[in-house]
Amino acid sequence: MAANGPSEGFSVNARCLAFHGPLLYESKILKTYFPNEKNAGIDIEQIPEENRAALPQERVLRWTEENLRMQRDLKNEALHQLRNKKAGGSGQRELTPTASTAVTSSSQKRKESAKELADLAKATKKTRREADEKDEEYFSHLDVNIVVPDTLKAQLADDWENITKNSQLVKLPRSPNIQEILLEFRTFYMKRRLGNAETEILDEILAGLQLYFDKSLGSILLYRFERQQYLEVTRGNPGKFPSEIYGAEHLVRLFVSLPGLLSHTHMDQQSINVLKAHIEELLRFLAKNQKTYFVESYINSTPAYEAISRGL
């Protein structure tokens, strides 16, 4: 952090809030440089030239309750704008009264916040594409890492090799299919004697996973070699959703792609933690019943299928 003002409250390793675009993120000060003060032996030449102005002091706020409130207000404003955009709102962004009041109040107390208000005002005039990039950057900070059991990682590796290297396929339709697996998992999970609220959450998550699978299978969950099979099996099973045709082999692929999908949702970290706990429980359930839910061997494709799938 390079700055010209006083260093009070900006010591090395101190927690702080830093602006990145229109949002505030939790940060930690690694180095400081104040031209008019002693800098514990830090030479300005030690700081890369491109970084000397990269994060000026006015872009950094002290870790205070007031600034934390501002962070929450700006986050809520970003979510509000994103929801309006998804609902068909225009490219112009307007501040909600809550966020506007918080930023204006802060600007009256600190000179640097006036600059942030100006920055935020400029952000409201950016195009949808530029705003989308900032929204995606914010949501990418959410922790959506999902722990996959080692036995299922091995299953995924074998799955990849069978299809991409050996030109084999999973025989479809599968039994049990994904819809049936999720229902069996629900029965297993309900043995915990859940309350009404917990049951409602479980049902919502399982319905969401099935919907995610149905919507994403054809676009991101298939290997190229499987696309012809997908066209054939969906034509041969009219009225059925992919989750009624495919099984555990393809379901487990969803959980590898899910973190990237969830990073574009409006879920807060607490909701993601609840979802993550249920998904990891489902993954352990699949691993425990691996012989029941996964095929023992893949089928060989015909020369005609290979020619079509490879575009020959």
Side-chain angles (χ1 to χ4, degrees), residues 1 3 5 8-11 13-30 32 54-87 89-128 130-145 197 201 204-205 208 259-277:
M1 184 184 84
E8 181 181 354
F10 291 114
S11 59
N13 293 325
R15 297 172 77 185
C16 64
L17 296 170
F19 274 97
H20 192 79
L23 297 176
L24 278 167
Y25 297 101
E26 179 178 345
S27 304
K28 184 172 77 171
I29 298 174
L30 301 179
T32 61
L55 193 58
Q57 184 176 346
E58 59 265 22
R59 300 288 291 174
V60 182
L61 301 183
R62 292 175 177 84
W63 189 272
T64 66
E65 286 300 323
E66 184 177 3
N67 291 335
L68 289 171
R69 282 195 297 272
M70 183 194 298
Q71 180 194 34
R72 290 192 294 270
D73 288 336
L74 294 178
K75 172 187 172 182
N76 290 336
E77 172 60 24
L79 292 171
H80 174 77
Q81 291 173 358
L82 184 59
R83 291 186 184 110
N84 283 347
K85 174 174 68 60
K86 295 296 184 183
S90 67
Q92 297 291 325
R93 304 289 205 259
E94 295 183 358
L95 293 176
T96 60
T98 302
S100 178
T101 301
V103 177
T104 303
S105 175
S106 182
S107 68
Q108 294 172 349
K109 297 181 181 180
R110 288 188 302 275
K111 181 178 179 180
E112 61 265 29
S113 293
K115 184 177 184 302
E116 301 310 332
L117 180 59
D119 289 342
L120 189 58
K122 290 179 182 178
T124 65
K125 299 178 182 179
K126 290 189 177 295
T127 63
R128 281 189 179 184
E130 292 169 328
D132 285 345
E133 291 174 354
K134 288 183 173 62
D135 292 336
E136 291 175 4
E137 185 173 356
Y138 161 69
F139 289 118
S140 68
H141 284 72
L142 295 177
D143 178 15
V144 289
N145 180 51
I201 291 172
E204 183 177 341
I205 288 174
L261 297 173
L262 291 177
S263 67
H264 297 282
T265 69
H266 305 157
M267 298 174 66
D268 57 30
Q269 188 64 58
Q270 182 178 0
S271 298
I272 284 179
N273 289 342
V274 173
L275 176 60
K276 176 183 173 182

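When a residue number appears, it is its place in the shown sequence, counting from 1.
Side-chain atoms of N67 come within 3.5 Å of backbone N or O of R62 as a donor-acceptor pair.
Distance check, rounded to the nearest 0.5 Å: CZ of R15 to CG of L68 gives 8.0 Å.
Nearest heavy atom pair, residue L61 against residue C16, reads O-CB, 3.5 Å.
Looking at heavy atoms from C-beta onward, V274 lies in side-chain contact with I201 at the 4.5 angstrom threshold. Using a 4.5 Å heavy-atom cutoff, the side chains of E65 and R69 are in contact.
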